[in-house]
Amino acid sequence: MEKTVHISTKNGPKVPGEPTKTGTSMVDTAASAVQSFAPINQIHQHLCAFHFYAYDMTRQVEAHHFCGHINEDMRQCLIYDGPDANARLIGLEYIVTEKLFMTLPDDEKKLWHTHEWEVKGGFLFMPGVPEAIQRQDLEKVAKTYGKVYHFWQVDKGHDLPIGLPNIMMAVTRDGQLYPEMIKETEKHFGVSMEKERESRAYMKGPDHGIHPLANGGGKGLKLEVREVDIKPVESVPRVFV
């Protein structure tokens, strides 16, 4: 039987619910005038890339990362299914340098993926930013590792975030991404991934090479729910009614 292929390069179906009312918008406007959005204001770049489910490479998603540095060795990214104002928040990614990655326990390392081929292959780019400027940062990104979870299965057309979070991975060689997905993204953003690949050929990955435990250690990964006893606080013997 032919396997169903799920790819997503566009915003999914409309989220159910009533349109935002004027009163709600007025409250939002008033709150935004006095509140600080310091964490959000640290976002300084938009990266477009592709993720696939760590247990099913046939399910591929165009992922728009809006990232900010915590320090020189770590950045954190909110991931949306598109670059527009109505895009849905579908996941998050932590990106660390090789130095920090090497401090992680071995069981943790398999949850992280490499960015070397994603960058050098031209599959990760900054929409609208001249390539010469992009390369100054992407040289660093090519050496990093990322840990990413998606909470919204937009590739299946879900109109709400249903199910468990999913560990996602990134491309590590040619042939993993569907050509139609690449072409659609190139057309949308006016980029040539083949051209970007040629201009990035000089870039290097992690100084010590790709760690063998990264990228799932070469195996698929999937989260599952397991029922366990919950330890309550002493003053409340019953956790749930």
Side-chain angles (χ1 to χ4, degrees), residues 7-9 11-12 39-57 59-84 87-105 107-127 129 134 137-155 161 163-172 176-177 181 185 189 205-206 210-211 213-217 220-223:
I7 62 176
S8 176
T9 59
N11 295 94
I40 303 300
N41 292 336
Q42 294 304 306
I43 291 175
H44 65 277
Q45 67 180 190
H46 170 202
L47 300 171
C48 180
F50 303 95
H51 292 155
F52 61 83
Y53 289 70
Y55 65 92
D56 187 350
M57 195 178 291
R59 298 180 61 190
Q60 304 180 0
V61 179
E62 183 182 284
H64 292 265
H65 305 55
F66 291 85
C67 306
H69 276 91
I70 293 180
N71 53 43
E72 194 63 26
D73 289 291
M74 184 175 186
R75 63 185 85 184
Q76 54 189 4
C77 309
L78 299 176
I79 299 176
Y80 291 82
D81 65 342
D84 303 318
R88 292 169 298 178
L89 179 65
I90 62 172
L92 57 86
E93 179 167 2
Y94 301 107
I95 299 175
V96 299
T97 59
E98 181 182 25
K99 179 177 69 175
L100 291 188
F101 174 81
M102 294 301 290
T103 68
L104 299 173
D107 286 344
E108 173 67 19
K109 288 186 175 74
K110 64 183 180 181
L111 303 177
W112 296 71
H113 62 265
T114 53
H115 293 127
E116 179 180 0
W117 185 244
E118 192 174 22
V119 173
K120 294 180 65 176
F123 304 118
L124 187 154
F125 62 95
M126 301 179 188
V129 179
Q134 291 191 47
D137 187 58
L138 295 182
E139 291 173 357
K140 299 177 181 179
V141 177
K143 295 176 175 291
T144 63
Y145 291 82
K147 181 180 182 180
V148 57
Y149 289 94
H150 281 199
F151 310 108
W152 202 324
Q153 300 182 62
V154 292
D155 62 300
L164 296 177
N166 284 278
I167 302 171
M168 309 294 283
M169 291 292 171
V171 293
T172 55
Q176 292 179 332
L177 290 178
M181 170 174 270
T185 300
F189 293 100
I210 294 176
H211 196 285
L213 294 179
N215 302 311
L221 300 173
K222 185 177 183 179
L223 297 181

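If you read the sequence from its start, that first residue is 1, and numbering goes on from there.
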Can you see which heavy atom on [X] is nearest to which on [Y], and at what distance?
| X | Y | result |
| --- | --- | --- |
| Met181 | Glu62 | CE-N, 4.2 Å |
| Trp112 | Tyr94 | CZ3-O, 3.5 Å |
| Phe52 | Ala170 | CE2-O, 3.4 Å |
| Gly82 | Phe66 | O-CE1, 4.3 Å |
| Lys143 | Glu139 | CG-O, 3.9 Å |
| Cys77 | His65 | CB-CB, 4.0 Å |

> Is it true that atom NZ of Lys140 has more than 12 heavy atoms of other residues, nucleotides or ligands lying nearer than 6.0 Å?
Replying inline: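 Counting neighbours around NZ of Lys140, 12 or fewer heavy atoms of other residues, nucleotides or ligands fall under 6.0 Å, so no.
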>> Are there over 12 heavy-atom neighbours, none belonging to Lys120, within less than 6.0 Å of that residue's NZ?
In response: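 Atom NZ in Lys120 is packed in, count exceeds 12.
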Separation of [Y] [atom2] from [X] [atom1] (nearest 0.5 Å):
| X | Y | atom1 | atom2 | answer |
| --- | --- | --- | --- | --- |
| His115 | Leu124 | NE2 | CG | 7.0 Å |
| Leu100 | Asn71 | CG | CG | 7.0 Å |
| Leu47 | Asp137 | CG | CG | 7.0 Å |
| Gln153 | Ile90 | CD | CD1 | 10.5 Å |
| Leu104 | Lys109 | CG | NZ | 6.0 Å |

Please examine the side chains of [Y] and [X], heavy atoms only from C-beta on, and report whether any two atoms are closer than 4.5 Å.
| X | Y | answer |
| --- | --- | --- |
| Gln45 | Val129 | no |
| Tyr53 | Met168 | yes |
| Glu118 | Val141 | no |
| Tyr145 | Thr114 | yes |
| Leu177 | Phe123 | yes |
| Glu72 | Lys99 | no |
| Ile79 | His51 | yes |
| Ile167 | Tyr55 | no |

>> Checking side chain to side chain donor-acceptor pair (under 3.5 Å) between His69 and each of Gln42, Gln76, Arg75, which is the one that passes?
In response: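 That would be Arg75; it is the only one of Gln42, Gln76, Arg75 passing the side chain to side chain donor-acceptor pair (under 3.5 Å) with His69.
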> For the residue pair Phe189 and His64, is the inter-centroid distance of their aromatic rings smaller than 6.0 Å?
Replying inline: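 Under 6.0 Å, so yes.
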>> Could you walk me through whether Phe125 and Thr185 satisfy the side-chain contact (heavy atoms from CB on, under 4.5 Å) test, starting with their C-alpha distance in whole Å, then the side-chain angles of each, then the deciding distance to 0.1 Å, before giving a yes or no?
In response: CA-CA 11 Å; Phe125 62 95; Thr185 300; 3.9 Å; yes
>> Working note: Lys147 + Val96, criterion side-chain contact (heavy atoms from CB on, under 4.5 Å); need CA distance, chi angles, decisive distance, verdict.
In response: CA-CA 9 Å; Lys147 181 180 182 180; Val96 299; over 6 Å; no
> Does the pair Glu108 and Lys110 meet the rule for a side-chain contact (heavy atoms from CB on, under 4.5 Å), with working shown?
Replying inline: CA-CA 6 Å; Glu108 173 67 19; Lys110 64 183 180 181; over 6 Å; no
Short question: side chain of [X], backbone of [Y] - any donor-acceptor pair under 3.5 Å?
| X | Y | result |
| --- | --- | --- |
| Asp84 | Ala87 | no |
| Glu93 | Cys67 | no |
| Asp155 | Gln60 | no |

>> Checking side chain to side chain contact (heavy atoms under 4.5 Å, CB included) between Asn215 and each of Leu111, Leu221, Thr172, which is the one that passes?
In response: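 The side chain to side chain contact (heavy atoms under 4.5 Å, CB included) with Asn215 is passed solely by Thr172 among Leu111, Leu221, Thr172.
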>> Quick one, His211 with Glu98, criterion side-chain contact (heavy atoms from CB on, under 4.5 Å). Give me CA distance, side-chain angles, the key distance, then yes/no.
In response: CA-CA 9 Å; His211 196 285; Glu98 181 182 25; over 6 Å; no
